[in-house]
Amino acid sequence: MIQRFTKGLLPTVKETPADATNASHKLLLRGGFVRQVGAGIYNFLPLGLRVLRKIENVVRQEMDRSGAQEVLMPALLPADYFRETGRWDLYGDVLLRIKDRKGGDYHLGPTHEEIVTDMVRREVKSYRQLPLNLYQIQTKFRDEPRPRGGIMRGREFTMKDAYSFDVDEAGAVTSYETMREAYKRIFTRLGLTFRIVQADSGAIGGKTSAEFQILADSGEDAIVACTHCDYAANVEAAEVAAPVAAAPPATLEAITKVHTPGKGGIADVAAFLKRGADQFVKSLLYVVVKAGPGAEKTTEVVMACVRGDHEVNEIKLQNALGALEVHLASEADVWKATSAKVGYAGPVGFAGKVVVDRHAAVIVDAVTGANETDHHVTGVNFSRGDYQAVIADLRQAAEGDDCPKCGTKGGFKAYKGIEGGHIFILGTHYSSKMKCHFVDEKGAEKPIVMGCYGIGVSRLVASAVEQHHDADGIRWPMAIAPYHVYLCTLANDEATTAAGQALASALEAQGVDVLWDDRDERPGVKFKDADLIGCPIRVTIGKKTLDQQACELKLRNPAPGTDPKAFELVPLADAATRIAGLVRG
RNA sequence: CGGGGCGUAGCGCAGCCUGGUAGCGCACUCGGUUCGGGACCGAGGAGUCGGAGGUUCAAAUCCUCUCGCCCCGACCA
């Protein structure tokens, strides 16, 4: 299609809006792709919508290709469905609740497990109707505690969510693998650099899950990936290779109390005692909340120990303890538990439960807090039984750690990622609760085994910009560019306009989308906007090129090593075919 | 929810401390000169100073309350 600049709403701005912090937010605002309506709520202007639709179409094609069927569920939902699975209460403030005129409880859908499950239980009765995979591309609502980054994390956003239904676990695994492959094709076609990453499944349940992380420095998620094998994981979930036990030395130091006045932090004590941080056992006190025997919750203060130069991964701690939640104890709680100021806790002589990370447990002659203000103890050895503790993998993975899969020393490299997709095997969590059953070939009634698969479609718009931009603006990958070609006609005389119209029409005939800058503006203004909006191909027709019956062809993202200012003079007669070739890749 | 910041013209900001005619740049309108990387000159239009209440002869400015937005931390596509 052809869009004339003067006939549309294409409001580019020179100045960066003050609210925007990351590159994608700034550029999407400046380029006239989106505008804010409220916190985490955005208008998609024509350019932004075109990008969104192009992404949707790629997603739709690959979902259909993988055998999934598109449906559309309501965004406005009666509370009953979430009540069936308990999520009406569990979801908390993120659920955007509404009352209708009769006072009935409703909410706007943050995700649709319950609704599809209901849809399927009404219609599916037999194993003969399975497997199924249903998806939708739809607006979701989550009252995020903190929306940020423009459309990166909105309270209203477009998501593709798919749900698979299988007769058994093996079938669910097959569905999951099919989606994993479909997702790979989608992210690849969209021109995104990504890693498939092991993730914590969270409270949704289900042990198998993977995140599709789009690599970007501005990403909110920290991930680690092995440089030698395909192991990659969100740091929340990343395993760390177990330490190799060194041969125990012939003699161990005796436990000795030392005076360390005012040296609460690891760095301070390490410097004071002239010992490396890796010789310390860092002891943190956590309030651990567990489900009691009934509906009530119980809390307990637990000491978590990691090596001085390591960090505690609270999700691992939570999982290791089978807890509902864990959070750092307050100063008062620390006093109560250790009779000392914060900074002097240690496992030796500690009355409560202690969990120690594997890497902290193997330290020979370690230093720890003495549970007495301004004192530490040295010569602590877990191997000798100096303290009692449960050993677990507690530490946060970091760059330079050993790979747990292939064992490569220092194999972990750290990245930042944007969670673009997440795939889960749900099992029968929802189908059991909602009695979504089928009858198998032997006549037995069983819950359907489910999986769910999300892609943050509107988030991908921003993610693509994070990966593809420079100081001048966006550099859209061809597959999702709002228009393939930015056509600049530098004069508004009859000859130039006619040449522009002829080229635009010829391109349109070949299926190329053209944004024609026909404004009465100086060339500099047009070039700046062309760079900002970021169409992959810029074509310029001016008096100089017209004299040669030619146009100028310039790529927004030229091959590395080529002069970024270079352009090619192409005869007008050949231009459309030439450009269409570039568009098709 | 904890902490920090900001609401003044469409956008970016100054003015507030020390109350007294609301200002600058960009954008916009008109006229002219320009015309290959965000031109220049001249003239103009545009603001309930987020809202409510209070103090005062007088409030953008001081006080109280309120709404909105942004940023940093715990949650998630």
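Residue numbers start from 1 in every chain, and the chains themselves are labelled A, B, ... in the order their sequence lines are given, proteins ahead of strands.
- Each of A:Asp520 and A:Asp221 was assigned the nucleotide of RNA chain B with the nearest heavy atom; the assignment lying further toward the 5' end belongs to A:Asp520.
- Between the side chains of A:Thr12 and A:Asp529, a donor-acceptor pair is found at a separation under 3.5 Å.
- Within the nucleic acid shown, A:Gly420 comes within 4.0 Å of sugar-phosphate atoms alone, with no base atom in reach, counting heavy atoms only.
- Spacing of P atoms, B:C49 relative to B:U61, comes out at 9 Å, to the nearest Å.
- The residue A:Gln36 sits close only to the backbone: its heavy atoms come under 4.0 Å of sugar-phosphate atoms, none of a base.
- At B:G12, none of the side-chain N or O atoms of A:Lys14 fall inside 4.0 Å of OP1 or OP2 (strictly under the cut-off).
- If you run side-chain contact (heavy atoms from CB on, under 4.5 Å) between A:Phe527 and each of A:Asp517, A:Leu532, A:Leu490, only A:Leu490 comes through.
- The structure places OG1 of A:Thr85 at 8.5 Å from CD of A:Glu113, a figure rounded to the nearest 0.5 Å.
- For A:Arg522, counting side-chain heavy atoms from C-beta on, the closest listed nucleotide (B:C11, B:U34, B:A77) is B:U34.
- When heavy atoms are screened at a 4.0 angstrom cut-off, A:Gly150 is found touching no nucleic acid atom at all.
- Remark: P of B:C76 and CD1 of A:Ile151 are 22 Å apart, rounded to the nearest angstrom.
- Here B:G36 is the nucleotide among B:G37, B:G36, B:G12 with the atom lying nearest to any side-chain atom of A:Lys544.
- With both ends at atom C1', the span from B:A60 to B:G19 equals 10 Å, rounded to whole Å.
- With both pairing distances under 3.5 Å, B:A39 is matched to B:U33 as a Watson-Crick or G-U wobble pair.
- Here B:A74 is the nucleotide among B:G37, B:A77, B:A74 with the atom lying nearest to any side-chain atom of A:Arg146.
- For the C1' atoms, the distance from B:A52 to B:A59 is 15 Å, rounded to whole Å.
- Note: CG (A:Leu328) to P (B:C1) measures 22 Å, nearest angstrom.
- In this structure, A:Arg475 does not pair ionically with A:Asp531, as no charged nitrogen and carboxylate oxygen lie closer than 4.0 Å.
- Separation of the P atoms belonging to B:C6 and B:C41 is 34 Å when rounded to the nearest angstrom.
- Nucleotide B:C76 forms no Watson-Crick or G-U wobble pair with any nucleotide shown, as no partner meets the under 3.5 Å limit on both distances.
- As rounded to whole Å, 11 Å separates atom P of B:C71 from atom NZ of A:Lys26.
- B:C28 and B:A74 are spaced 44 Å apart, taking the P atom of each and rounding to whole Å.
- Using a 4.0 Å heavy-atom cutoff across all strands shown, A:Glu552 reaches at least one base atom of the nucleic acid.
- Atoms OH (A:Tyr183) and P (B:A77) sit 10 Å apart, rounded to a whole Å.
- B:C11 and B:A27: their P atoms are spaced 15 Å apart (whole Å).
- As the counterpart of B:A46, no nucleotide is assigned, since no Watson-Crick or G-U wobble pattern has both distances under 3.5 Å.
- Residue-level contact check: A:Thr158 touches neither bases nor backbone, having no heavy atom under 4.0 Å from any strand.
- Applying the ring pair (Phe, Tyr, Trp, His ring centres under 6.0 Å) rule to pairs touching residues 34-76 of chain A yields A:His25-A:Tyr42, sequence neighbours excluded.
- The residue A:Asp93 sits apart from the nucleic acid: no heavy atom pair falls under 4.0 Å.
- Across all strands shown, B:C69 pairs with B:G5; the Watson-Crick or G-U wobble distances both stay below 3.5 Å.
- The P atoms of B:C57 and B:G10 are separated by 34 Å, rounded to the nearest whole Å.
- If you measure from atom CZ of A:Arg153 to atom P of B:C75, you get 11 Å, rounded to the nearest angstrom.
- Within 3.5 Å, no donor on the side chain of A:Arg148 pairs with an acceptor on the base of B:G73, nor the reverse.
- The same atom, P, is picked in B:G20 and in B:G2; the two are 36 Å apart, to the nearest Å.
- For B:G38, the base is not stacked against the aromatic ring of A:Phe527, per a cut-off of 5.5 Å between centres and 30° between planes.
- One can place CG of A:Leu29 at 17 Å from P of B:G10, the figure rounded to the nearest angstrom.
- The partner of B:G20 is B:C57, by the rule that a Watson-Crick or G-U pair needs both atom distances under 3.5 Å.
- Note on A:Arg35: nothing from the nucleic acid sits closer than 4.0 angstrom, heavy atoms only.
- Rounding to whole angstrom units, CG of residue A:Asp19 and P of B:G68 are separated by 15 Å.
- Among the heavy atoms of the strands, none lies under 4.0 Å from A:Gly454.
- B:G10: Watson-Crick or G-U partner is B:C26, with both key distances under 3.5 Å.
- Annotation: side chain of A:Lys316 is not in contact with side chain of A:Glu314 (no heavy-atom distance under 4.5 Å).
- Computed from coordinates, the A:His112 NE2 to B:A77 C1' distance equals 14 Å when rounded to whole Å.
- A:Thr139 comes within 4.0 angstrom of no nucleic acid atom, judged by non-hydrogen atoms across all strands.
- A centroid separation of 6.0 Å or more is found between the aromatic rings of A:Tyr486 and A:Trp476.
- With a 3.5 Å ceiling on both atom-pair distances, the Watson-Crick or G-U wobble partner of B:A52 is B:U64.
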